[in-house]
Amino acid sequence: MIIRSLRAENVLKYAHLALNELPEQGLIAVSGYNESGKSSIGETICFALFGRTYSLPPEELTKLIRWGETRCLVAVDFIGGDSRQYCVERSLDDAGNQGARLTADDQEEPLAHGADVVTAEIMGLAGFGYNEFIESFYLAQREIVAPHGHSAAVKSMAGLTPLEYVHAQLGEEIKTLTDHMIGAERDMADIHDDLDALGFRPDHLHSLWADLSTSGRQQADKSTRARWLRHVSEQCREGLQLLKSDAAPALKAGVNTSYQSWDAHAERLEASAEHLDQHCARRDAAASAMSESTAALKDISQHIRSQLARFADLKEHTASYRAHLAGLLDEPGSNQAQGEESLPARKARLAQQVQDAKRSRKNARVSTLVFLVLAAVLWAIWALLFQAPNAPLSAGLVGWFNANIPGWQGYGLWWLIAAGVVTVFFTLFLARGLILSERINRYQTESGSLGRRIETVREEAAGLDSLETAPLPEAVEVLRQADDEEIATQASEFAQDPSVTLLEHESLNNYRRLIESLISRTEHDIDKLRGEIADEVAELEGDARVLEDDIEQLHREIPLEQGRRHKADRLRSQMDQLQKKIDDNRRKIEVRNLARDLLDDGIQYASRRFNHDIRNLVGKTLPLMTADRYEHLQIDEALRVRVFSGEKHDFLNLDEISSGTQRQIMLAVRLALAQKLVNTAVDGAQFIILDEPFAFFDQQRMRNSLSVLPQLSDDVTQVWVIAQEIPEDANVDLQIRCEHSVTDLRMDGTGAS
Amino acid sequence: MSLSSNNNPARNARVKGPARDFAAFSETERDHRRNADPNFDAALYDEAVQLVLDRLGAFRKETQQ
């Protein structure tokens, strides 16, 4: 930043102040006696840039306004580090109200409005703030001492401020994070206590569910078994009724009972016994006694059925025989054997033969009669004509022959032959008639026999057909009488078999008594069984009720346990979140501690490097300003200075050297700080204001310093030096002379007023 | 003779100076610590460095406003 011009109204002693076309580089000397307004120029520049001055505290800034005035105005044109030309204008009234505006030459609109905004913008353009300014580029009128190493400005110049800021910020964060972590750990402990107080056991809910499942299953099993047992009991009762009902026909059956009825009775008896056995005997050992009685019933029924089966076998064996009879009787649907003629057919055929024979016999008889008559006639005629032609009886006949058949006498032999032949025919027909009569008689006899045979066969067939429905003894007798030796033999064996008990009245009575006894025993067993079932059902229902109570209790407990689990889960989730937060905080603290450790080292490193740079910079400046009498400095972290005296070959504290030398050394340090600030924060050329830097300097030292100042830095090119007196032979680029009585100072770069 | 440094990187990035200097320091320090500590946690170190650099950047933005 280079000051190009300065304008002010009513600032300190000046009613008007105008310094225009100031040289951009070189030495600008401001001289004058005490209270001539020299320092006011530097104060005006400082106020223009930062809205405050070194000599006036902020609360007394209105003292900047010229006595008797209510408002002051300041304007400074300067060249920024970006080579643009700016103008900052600032005003202040006696109420302390400050206004400011920043403009750029190449831009119509102001860059900033308002005191604070303009100050901030100036800081951005300059690269430094007020504190850095007064520690480096503005050496205000005061006792020049070494800047404090821990001052904000020096730290800022050393680049420590951001590091310390971040260091402190991280420290605060660590403290906050630690507080948060402690709070989280406290919360964690509270939650842990809540969790302990909750008494939640992770496996308890599972156990309750398992108990509920088991109890539910057991309750269902017991209820199911109870229902099943009641069902069994009812079935036993019904089965007993059915047994009684089914046994009743068997008990009433006798020798007149047919095979078909016996079979039905036995089947029903066995089926009802089986039914009873299946439905009642399934109930474990309690039904064992009943099972014995039903088994006995089944044995009886099976014995009956075995007898019936044997009879059925017999009956089956009659099938072919019955078919044979059917064939003999030519019943519809029967299969007549090839070449074998049925009895009715044979009878019909015989009848037909009788008819035919009778018709033939009739014809034979007619023929016999005809030939008899004819033979008699022939024989009579022959006898009359040829044996007794003369007989009276022959006269008429001979006469007729003579009249009608001449020469009839010559046919006597032939007539005889003819009579003989006719007689033969007569005889033949007669014999035939006799033979036919004989045949007819034989046919008729045979037909009668055949008719009886047919009747017998029919009766036999009817008997066979009624084997199932006829009383069993009669049916057996039918078989015994069958015209089939094998069947008859087997039927006889069946009837005579002592194990066959269905044919005799006494054995049947024994059966009845046995069945009645077994039914009575079964009834007793079933009553006993139903009683046991009732007891077991009562026990099962009692158990089921207990289990139901348990289930209801579990149904009440499970939601409560679920609530505990939900709460425990929520607490655990909170603990997890807290633990995550604690871990996160711990990690952040760890990172921040390391960062602070690094910042500590970095600050130390930067501080040492800053001191090193300052020492080097002072080491270059000091010989110039002390005519090579002092060359080396020791500067500690607090910027305490010791100087090496070539004459004494030792480092000396500042209080061991003269005041003038002390001021030279401190000036060198300040200039080094200024150069350091330029190096680190400032772009472009920079001005510096040194207000009374040469107090306690002798003339020679002042000349040396004035000659050296413009050469000290390539960056600090515009050097303002404020002093009571500037040696006339000093090489200054602009001399500004302040007079005690002058309140209106106007001057341009040529020094013209 | 001049006080100015002709080879001053801060001149080109003045406001980034502290962050840049710290980054350079931390890089050197990183090697030093890694060589000195067999249990050196590089991730933690890098995270700490990045945190400082982020905060320095934020500080720079704040002071510029």
### Query
If you count heavy-atom pairs under 4.5 Å with chain B, which of A/Gly129, A/Gly602, A/Gly81 comes out on top?
A/Gly602
Does the side chain of [Y] come within less than 4.5 Å of [X]'s, by heavy atoms?
X: A/Leu598; Y: B/Val52; result: no
X: B/Arg33; Y: A/Leu594; result: yes
X: A/Tyr165; Y: B/Leu56; result: no
X: B/Phe22; Y: A/Leu599; result: yes

### Rounded distance [0.5 Å steps], CD in A/Gln169 versus CZ in B/Phe59
9.5 Å
#### Entry: Between OH on residue A/Tyr605 and CG on residue B/Asp21, distance to nearest 0.5 Å
7.0 Å
### Task
Could you tell me whether B/Arg55 and A/Glu173 have a side-chain N and a carboxylate O separated by less than 4.0 Å?
yes
### Query
Can you say whether A/Asn593 sits under 4.5 Å from chain B via the side chain, the backbone, both, or neither, judging by heavy atoms?
neither
Take atom [atom1] in [X]; do more than 12 heavy atoms of anything else shown fall under 6.0 Å from it?
X: A/Gln25; atom1: CD; answer: no
X: A/Asp116; atom1: CG; answer: no
X: B/Asp54; atom1: CG; answer: yes

### Message
Taking side chain as everything from C-beta outward and backbone as N, CA, C, O, which of these in B/Leu51 sits under 4.5 Å from a heavy atom of chain A? Side chain, backbone, both or neither.
### Response
side chain
### Message
Need one label for B/Glu29: side chain, backbone, both or neither, based on atoms under 4.5 Å from any heavy atom in chain A.
### Response
side chain
